[in-house]
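Below is one structure; the comments refer to it alone.
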Amino acid sequence: MQTLLDADSIRQAAKTTSHHHFPDIQVFKELPSTNDYLLKQAMHFAKQTVACFAESQSAGKGRLGRAWVSPFGANLYLSLLWHFHLPLNELSGLNIIAGVSIIKSIQKMIGIDNLQLKWPNDVYHRDKKLAGILIEVASHSGNMSSVVIGIGINVNMPDEAAAQIQKPWTDLAGITGKSISRNDLAAALLDQLTINLEIFQKKGAAPFLPIWQSFDYLAGKHISIANGDTIIEGIAKGINKDGQLLLTHENKLIYINAGEASVTKLQSLSSSNINGSAKDLS
Ligand code: BTN
């Protein structure tokens, strides 16, 4: 029988519930989008951290205006509302924290090899996407910023839903051949996010760079970055503490804020620089 997500089970399985910042947990059967729900509700939770899970999303959002396929009772759809004592411009490395937290929680719970982080916001396994991150700003003023960190992890994607996914994808059930407890995975994820976001508040993203490097999917590869109509090519050289991708392009090292990365061997189509213009923080 299918086990549904349950706030008490998640809390009981979590190890960081005594932390001041461990979130209140809310579980819904269906929402349009857990990110949109928390963005709308953020004003009511001005001091609380809140984790919102839904069993399904009718309008799940991916990056760059894409849909996130969100069938019922199959995967994890989490949004976490987190308040920082930091100005917005110091949050640009948050994608690092979210990506590292996803990898660490999956490794702790299931212990799979070959997980990788693809800049800016994807978790990959053997060239296929396993999880994605969508970070959006709820509010900011001076040294206070509130953000919603949205995370989708494919756990056991049904075939009918999978037919709607355009790009190579994978799920934990397919990788492991085992059934995965979504409540335990949710707890492990909240543990990692709580610990790592507390560190980020004090020290920024720099302490997480070595971990990112050890999982970096793009490093050393010839890639192209698309951002709107602009495409730039070069060799990926890792990321910095602000979450920017480093790229060698025409013998110069350049810093890319946003875009969609693809591994390619094609010749350069454009050499203009790309500045981040995405509305989200990814
Ligand atoms: C991406 O890879 O494009 C980002 C996917 C983010 C999906 C998650 S699922 C929970 C949260 N709610 C949403 O509507 N989107 C994020």
Side-chain angles (χ1 to χ4, degrees), residues 1-11 13 23 25-41 50-81 98-99 101-103 105-106 109-110 112 115-118 121-136 148-190 192-193 260 280 282:
M1 204 186 73
Q2 187 185 43
T3 305
L4 295 182
L5 291 170
D6 172 64
D8 288 338
S9 304
I10 297 171
R11 205 173 291 106
I25 299 172
Q26 302 187 357
V27 177
F28 293 85
K29 290 273 184 293
E30 175 166 295
L31 284 174
S33 152
T34 53
N35 264 34
D36 284 349
Y37 169 77
L38 278 185
L39 287 170
K40 286 196 191 108
Q41 296 294 318
V50 181
C52 168
F53 294 89
E55 287 290 8
S56 67
Q57 298 184 113
S58 53
K61 300 191 299 184
R63 287 179 66 238
L64 308 171
R66 297 189 183 125
W68 188 255
V69 175
S70 308
F72 185 88
N75 302 313
L76 273 191
Y77 319 117
L78 161 68
S79 294
L80 179 63
L81 173 67
S101 300
I102 296 171
I103 290 226
S105 60
I106 294 173
M109 206 193 122
I110 313 169
I112 5 179
L115 290 174
Q116 290 189 295
L117 289 163
K118 178 171 176 271
N121 278 358
D122 294 342
V123 178
Y124 266 48
H125 181 266
R126 296 189 189 277
D127 295 324
K128 293 176 181 165
K129 182 157 166 171
L130 174 67
I133 301 159
L134 176 65
I135 301 174
E136 298 184 277
V148 172
I149 302 169
I151 294 176
I153 304 180
N154 298 333
V155 179
N156 193 2
M157 185 71 79
D159 291 343
E160 319 82 73
Q164 299 165 42
I165 306 178
Q166 313 293 337
K167 294 202 170 170
W169 64 275
T170 188
D171 62 8
L172 292 174
I175 295 169
T176 60
K178 293 184 186 146
S179 102
I180 309 292
S181 162
R182 291 182 305 137
N183 283 310
D184 287 353
L185 181 60
L189 185 57
L190 292 184
Q192 287 298 315
L193 286 164
E260 175 87 340
D280 59 61
S282 42

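- Taking each heavy atom of Asn75 and Val155 in turn, the nearest pair found is OD1-N, 2.8 Å.
- The line from CG of Leu185 to CE of Met109 is 5.5 Å long, rounded to the nearest 0.5 Å.
- To the nearest 0.5 angstrom, Ile102 atom CD1 is 4.0 Å from Ile133 atom CD1.
- The nearest pair of heavy atoms linking Ser58 to Pro32 is OG-CA, 3.2 Å.
- Under a cut-off of 6.0 angstrom, the local environment of CZ in Arg126 is sparse, with at most 12 non-hydrogen atoms contributed by other residues, nucleotides or ligands.
- Shown here for Glu55 and Tyr77, the closest heavy-atom pair between the two residues is O-CE1, 3.3 Å.
- From Arg63, atom CZ reaches atom CG of Asn121 across 5.0 Å, with rounding to the nearest 0.5 Å.
- When each of Leu31, Leu76, Asp6, Thr34 is checked for a side chain to side chain contact (heavy atoms under 4.5 Å, CB included) with Phe53, only Leu76 meets the rule.
- The shortest heavy-atom contact between Ser79 and Leu38 is O-CD1, 3.3 Å.
- Shortest non-hydrogen contact noted between Gln57 and Ser70 is NE2-OG, 3.0 Å.
- Considering all non-hydrogen atoms of both residues, Leu5 and Ala54 come closest at CD1-O, 4.4 Å.
- Put simply, CG on Asp122 and CG on Leu130 are 10.0 Å apart, with the number rounded to the nearest 0.5 Å.
- Rounding to the nearest 0.5 Å places NZ of Lys61 at 5.5 Å from CG of Asn35.
- For the pair Ile112 and Leu172, the minimum side-chain heavy-atom distance is below 4.5 Å.
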